[in-house]
J.: 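Right, I'll just put the structure down here and ask away after.
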Amino acid sequence: MTDSTRSALRLALSLAGPETADALAERLRPELPAVLADRFGLPEEMVEELLGADPAQMRAALDIDPREWLLGAAELGDPVVGLALWHAWYRDDSGHQWRAMAVIPDLLATLLGAADLSDPRWYEDDGLFQELHEVISGPLLVAVLTSGFLGVTLGSLALFGVHLPPPAVVDVCLRFQALWGTEAFSRFLGLLEDVPELDTGHPWLPDLLRRTLEAPDPESFLREQRPAGWEDPEHLRAMLELRYGDSWLEFHSGRGFPARPDGLDWDLIRREHERRPVGLVEGEEEESSRAAGLIRLVQWEGCPHDLVMESFGRSPWETAEHAAELPFEAFTKPVEYPASVYCRTLSDGLRAGRLPVERLLAEAIPAEDVLWHLPDDHEPTRRALTGLVARLGTNPVNWLTCYARMQRARTSSVAELIEDAVRTDTRRKRYTSWPRPEEADGLTSFSRRAFLAMFRCASEEAQLAVVPYLDPRGVQDFLVHGEPSPAVREAVVAAHGLPAQVAMAASDDLSAEQLDYLRDLDEPAVNARLFGCTSIFGTPLLERPERERLLAGLLGNADGRPVPGELLAVLERQLQGRDRSWLTSFLESGDVAVARTILTEQQLRIPATRLRLLAAVWERGGPDAVREILAMDRLPVTLRRRTEKLLDTPDGLERLRAQLAEEETPDRLLAFLTSAPRRPGKQLQRLLDEGLEPPWSALVAAQTAGTLPVGLLGPLVELPDCPRELLLAMLATDPTYGKSDRDGQTGWIRDALRSARLTSDDILSHAAPAREALALLRCHTGDRTGAPDGQPARKLGAALAQEHLAADAEAWAVCLQLLPTFAGTLPELLTTAGAVTRRQQ
């Protein structure tokens with residue numbers, strides 16, 4: 001059986017009524033073990049043995065959560081079943097396969113807890129315990145260490161005892177003594193002598209066992225020698241999960257990292273960490289494994305600061321992200337990348353009141369990173385920083401010196417940096433000009449951002465005194481992000497001239513007020529920068545109507561002046577790029593220089609767009625302007641000749657517009673799309689690139705008539721405004737067109753369902769072949785995700801099956817037999833199955 005037929009059988013058994021499903025299960029009894037074996041990941045014969053031969057019972061098992069069923073199998077404690085569970089890969093409702101032992105919490109622990117460890121089958125050469133000896137880390141090791149396994153076999157204590165706290169090791173010895181008497185201790189000591197390099201992790205253990213052998217009452221002696229602590233099994237499990245937890249399992253099981261159990265003493269944790277560092281795993285790099293264990297430890301509420309700081313020293317970034325509480329001392333220690341720590345903790349800590357801002361400014365290092373990550377909109381922080389930078393006064397030398405020394409002050413706090421900058425009684429250089437000036441549009445360094453954080457909090461008098469000394473990059477940063485008052489902004493422009501406003505216009509992060517200020521200037525150089533600038537999301541900063549007005553020379557006034565050279569240069573650069581999506585806002589400018597630039601840099605391939613450009617030039621510049629464009633020899637010869645004849649006629653412009661209207665009709669645009677039958681998708685992209693909408697009415701008519709080119713329907717259904725008729729046609733033609741995501745959802749179908757252009761019933765009624773329709777229904781409208789139109793697949797399928805198959809188990813069986821090769825839709829399959837069954841009867 002294939003995956004699709006197994007899935008179909010499961011679906012059929014779940015949709016049919018109870019009596020019909022039982023009859024169908026009886027009819028298909030030979031196929032059920034394979035379906036169940038695939039679902040649970042166990043051999044067919046084992047599934048039959050565990051469930052019995054009753055088809056109805058097998059059918060009922062199909063609806064059980066596989067995790068729940070596998071845990072139930074583990075509760076048998078059977079060594080044969082246990083080995084099968086070790087190798088099991090079960091299939092969940094979404095069709096994904098998972099290794100049972102890797103992703104089902106406590107599956108191994110349940111198995112070992114129920115096991116009779118005296119059964120010799122556990123220890124056979126190919127038995128499960130041979131597999132367990134290979135476990136060295138992760139949650140499976142936790143299950144091994146907290147089971148009775150270590151107290152049964154001699155080698156297990158030698159191999160695994162190193163992971164356990166001393167009291168737990170003594171508990172294992174007590175189990176040994178109870179099962180095998182003191183003879184086991186003699187054999188264990190002999191093993192240690194034969195293999196001297198064997199490290200039990202407990203150097204005191206051999207001496208304890210020798211003394212136990214000499215004691216008159218070994219059990220009482222061991223109990224007396226047991227150190228205090230770790231009596232609670234949950235405490236031991238928590239400690240071991242702390243050491244060997246698996247973040248991948250925590251994520252996929254949905255349970256997360258366990259919290260510290262009530263009553264677990266931090267002193268016990270600290271002593272165990274000192275004995276064997278948390279997270280240390282053989283076979284892994286010591287530093288990375290220790291850091292991973294500590295990261296788990298610091299997530300526990302109340303974790304002692306010394307342990308948090310140890311984790312911080314090894315892995316500051318991850319500790320800052322995950323620690324339940326980060327001590328203030330972390331901000332006063334030099335670390336390699338302080339920005340990675342501060343970006344996660346400093347702002348939130350200040351807002352929540354966990355970090356005292358005055359102490360932070362006075363002690364945290366380095367000043368540059370502290371300043372960079374201070375929250376702009378937190379009033380207590382801003383107030384404290386304002387008071388501190390007042391020390392710099394209105395002397396530009398103090399500010400310039402502060403900025404110059406900032407990058408090298410890696411062990412200075414903000415307060416210390418400022419105090420150093422205002423000192424005049426040293427021989428260190430004081431700066432009278434901006435150090436290391438840069439042009440605008442560069443990358444803003446950490447030092448610049450830190451300086452801006454201080455300068456925003458300076459008094460207006462200080463800002464007025466310092467702005468003449470800013471370099472071009474500093475001017476841009478301050479005008480865009482420095483929140484200058486109108487008076488200070490005018491002072492910046494007075495000191496630095498038009499380049500300051502041009503630099504401001506080049507930013508991708510302008511507010512609405514800043515954008516209005518720049519537009520009102522109506523400066524050609526500023527307009528050119530605004531025209532070419534995009535937001536941080538890659539979208540044009542100016543809306544399309546504004547860009548069109550700029551290209552028509554109309555922004556700021558209505559005189560239709562020529563488009564300046566600065567704007568043409570930006571237009572040229574944009575047209576040289578691969579993205580032609582802005583072209584439509586250029587075509588109707590009518591400015592001769594704009595039209596020349598377009599035709600120089602781009603080839604217009606669609607007759608309608610060529611005519612649109614010529615008509616716009618004629619409307620604005622008259623026939624002579626059109627002659628200038630035609631003389632460029634960048635348009636087809638036939639179009640040039642036909643247009644030249646119109647230039648001297650009184651109604652030439654009207655006739656040109658009539659030609660444009662004709663070329664923009666749906667039939668002419670469809671003719672363009674179908675002019676290259678071997679590459680219709682490329683023709684469609686050309687149409688979209690030149691700003692034209694697909695002729696949907698003509699495309700629907702062509703699809704209905706059967707004349708739509710093969711290969712065009714696919715690209716069309718991916719467009720957000722594709723009409724329903726074409727979407728239904730694609731369902732019947734190639735429902736799996738395009739790429740599917742990890743959950744099997746096909747992009748165009750998902751988008752059409754979300755926009756209500758398709759419904760679940762459309763998939764059911766039109767998607768073909770039927771096996772693909774089933775897969776689409778499960779992925780896009782299944783009970784697990786919910787259909788956008790509120791019609792889950794199970795409800796739709798049940799109604800349709802009831803209509804055509806009713807309670808006829810034979811008809812259901814015929815339907816399943818036809819499914820793998822049936823080319824029609826699901827309703828057609830069900831109708832056919834019913835008809836075949838009736839003829840056979």
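Positions are given from 1, in the same order as the sequence printed here.
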J.: Any side-chain donor paired with an acceptor under 3.5 Å for Q683 and S675?
T.: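 There is such a pair (donor and acceptor under 3.5 Å, judged by atom type) between the side chains of Q683 and S675.
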J.: For the backbone of P735 and the side chain of E772, can you confirm whether one donor and one acceptor N or O come within less than 3.5 Å of each other?
T.: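 Side chain of E772 to backbone of P735: no pair is present.
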J.: Quick check for you: to the nearest 0.5 Å, what is the distance between L646 atom CG and E644 atom CD?
T.: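 The CG atom of L646 sits 10.0 Å away from the CD atom of E644.
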J.: Would you say L684 and F672 make side-chain contact, with heavy atoms under 4.5 Å?
T.: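 Sidechains of F672 and L684: no contact.
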J.: Kindly determine whether E693 and L687 satisfy side-chain contact (heavy atoms from CB on, under 4.5 Å), including the steps that lead there.
T.: CA-CA 7 Å; E693 289 293 320; L687 189 81; over 6 Å; no
J.: The test is side-chain contact (heavy atoms from CB on, under 4.5 Å); show your working for L599 and L613 and say whether it passes.
T.: CA-CA 10 Å; L599 291 176; L613 181 140; 4.2 Å; yes
J.: Please find the pair of heavy atoms, one from A823 and one from A768, that lie closest to each other, and give the distance.
T.: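 Minimum heavy-atom separation between A823 and A768: O-CB, 3.5 Å.
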J.: Taking the basic N atoms (NZ, or NE/NH1/NH2) and the acidic carboxylate oxygens, is any pair closer than 4.0 Å for E619 and R657?
T.: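 Salt bridge flag = yes for R657 with E619.
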J.: Using a strict cut-off of less than 4.0 Å between a Lys/Arg side-chain nitrogen and an Asp/Glu carboxylate oxygen, indicate whether R39 and D65 qualify as a salt bridge.
T.: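 No salt bridge links R39 with D65.
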J.: If we only count heavy atoms from C-beta on, is the L758 to L731 side-chain gap below 4.5 Å?
T.: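 Yes, their side chains come closer than 4.5 Å.
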J.: How many angstroms lie between CZ in R634 and CD in Q602, if you round to the nearest 0.5 Å?
T.: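 Atom-to-atom, R634:CZ and Q602:CD are 9.0 Å apart.
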J.: If you measure from NE2 on H766 to CG on L728, what distance do you get to the nearest 0.5 Å?
T.: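 Interatomic distance, H766 NE2 to L728 CG, rounded to 0.5 Å: 4.5 Å.
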J.: Go through it in stages, so that I can follow the logic: the residues are L716 and L712, the test is side-chain contact (heavy atoms from CB on, under 4.5 Å), and I'd like the CA-CA distance, side-chain angles, deciding distance and then a yes or no.
T.: CA-CA 6 Å; L716 287 172; L712 183 56; 3.8 Å; yes
J.: Can you tell me how far CG of D624 sits from CH2 of W618, rounded to the nearest 0.5 angstrom?
T.: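 Reported to 0.5 Å precision, the distance equals 10.5 Å.
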J.: Return yes when atom CD of Q97 has more than 12 non-hydrogen atoms of other residues, nucleotides or ligands closer than 6.0 Å, and no otherwise.
T.: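 Yes.
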J.: What pair of heavy atoms forms the shortest contact from R529 to A506, and how long is it?
T.: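 That closest heavy-atom pairing would be NH1-CB, 2.6 Å.
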J.: Are the side chain of E725 and the backbone of Q703 linked by a donor-acceptor contact shorter than 3.5 Å?
T.: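 No; judged by distance alone, with no hydrogens or angles, the pair does not exist.
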J.: Rounded to the nearest 0.5 Å, how far apart are SG of C722 and CG of L713?
T.: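 Output value for this atom pair is 7.0 Å.
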J.: List the residues meeting salt bridge (Lys or Arg N to Asp or Glu O under 4.0 Å) with R724, not counting sequence neighbours, and say none if there are none.
T.: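 Result, salt bridge (Lys or Arg N to Asp or Glu O under 4.0 Å) vs R724: D762.
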J.: Considering only heavy atoms from C-beta outward, does the side chain of S765 approach that of L826 to under 4.5 Å?
T.: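 When only atoms from C-beta onward are counted, L826 and S765 do not touch, as no gap falls below 4.5 Å.
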J.: So, are R612 and E690 salt-bridged, with charged N and O less than 4.0 Å apart?
T.: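 Salt bridge between R612 and E690, a charged N being under 4.0 Å from a carboxylate O: no.
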J.: Looking at every heavy atom in both V570 and A528, which two are closest together, and how far apart are they?
T.: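 Distance-wise, the nearest heavy atoms are CG2-O, 3.6 Å.
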J.: Verify, without hydrogens or angle tests, whether S507 (side chain) and M504 (backbone) share a donor-acceptor contact under 3.5 angstrom.
T.: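 No, S507 side chain to M504 backbone: no donor-acceptor pair under 3.5 Å.
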J.: Going by heavy atoms in the side chains, are M632 and T600 under 4.5 Å from each other?
T.: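 Answer yes - side chains close enough.
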J.: Between E601 and L571, is a side-chain contact (heavy atoms from CB on, under 4.5 Å) present by the stated rule, with each step listed?
T.: CA-CA 10 Å; E601 302 300 333; L571 174 61; over 6 Å; no
J.: Nearest 0.5 Å, what's the CG-CZ distance between L542 and R547?
T.: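 Those atoms lie 7.5 Å apart.
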J.: Using a strict cut-off of less than 4.0 Å between a Lys/Arg side-chain nitrogen and an Asp/Glu carboxylate oxygen, indicate whether E546 and R519 qualify as a salt bridge.
T.: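 Counted as a salt bridge, because a side-chain N and a carboxylate O are separated by less than 4.0 Å.
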J.: Measure across L498 and A525 and return the closest heavy-atom pair with its distance rounded to 0.1 Å.
T.: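 Of all heavy-atom pairs spanning L498 and A525, the closest is CD2-CB, 4.4 Å.
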J.: Are any of the side-chain heavy atoms of W696 and L670 separated by less than 4.5 Å?
T.: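 They are not in side-chain contact.
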J.: Check whether any side-chain heavy atom of Y737 lies under 4.5 Å from a side-chain heavy atom of E718, and answer yes or no.
T.: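 When only atoms from C-beta onward are counted, E718 and Y737 do touch, with a gap below 4.5 Å.
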J.: Can you check whether L673 reaches P695 side chain to side chain, under 4.5 Å on heavy atoms?
T.: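 Yes, their side chains come closer than 4.5 Å.
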J.: Between L614 and L635, is there a side-chain heavy-atom distance shorter than 4.5 Å?
T.: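 Yes, their side chains come closer than 4.5 Å.
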J.: Determine whether a donor-acceptor pair (N or O, by modelled atom type, separation under 3.5 Å) exists between the side chain of T665 and the backbone of E662.
T.: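 Here the side-chain-to-backbone pair exists.
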J.: Say whether Q685 and D689, considering side chains only, have a donor N or O and an acceptor N or O under 3.5 Å apart.
T.: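 Yes, side-chain donor-acceptor contact under 3.5 Å.
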J.: Determine the minimum heavy-atom distance between L753 and T759, stating which atoms define it.
T.: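 Heavy atoms of L753 and T759 come nearest at CD2-C, 3.7 Å.
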J.: Might you point out which heavy atoms bring L653 and A615 nearest each other, and give the distance in Å?
T.: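 In terms of heavy atoms, the two residues are closest at CD1-O, 4.2 Å.
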J.: Is a donor on one side and an acceptor on the other found under 3.5 Å between the side chain of D591 and the backbone of P562?
T.: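 No: the side chain of D591 does not pair with the backbone of P562.
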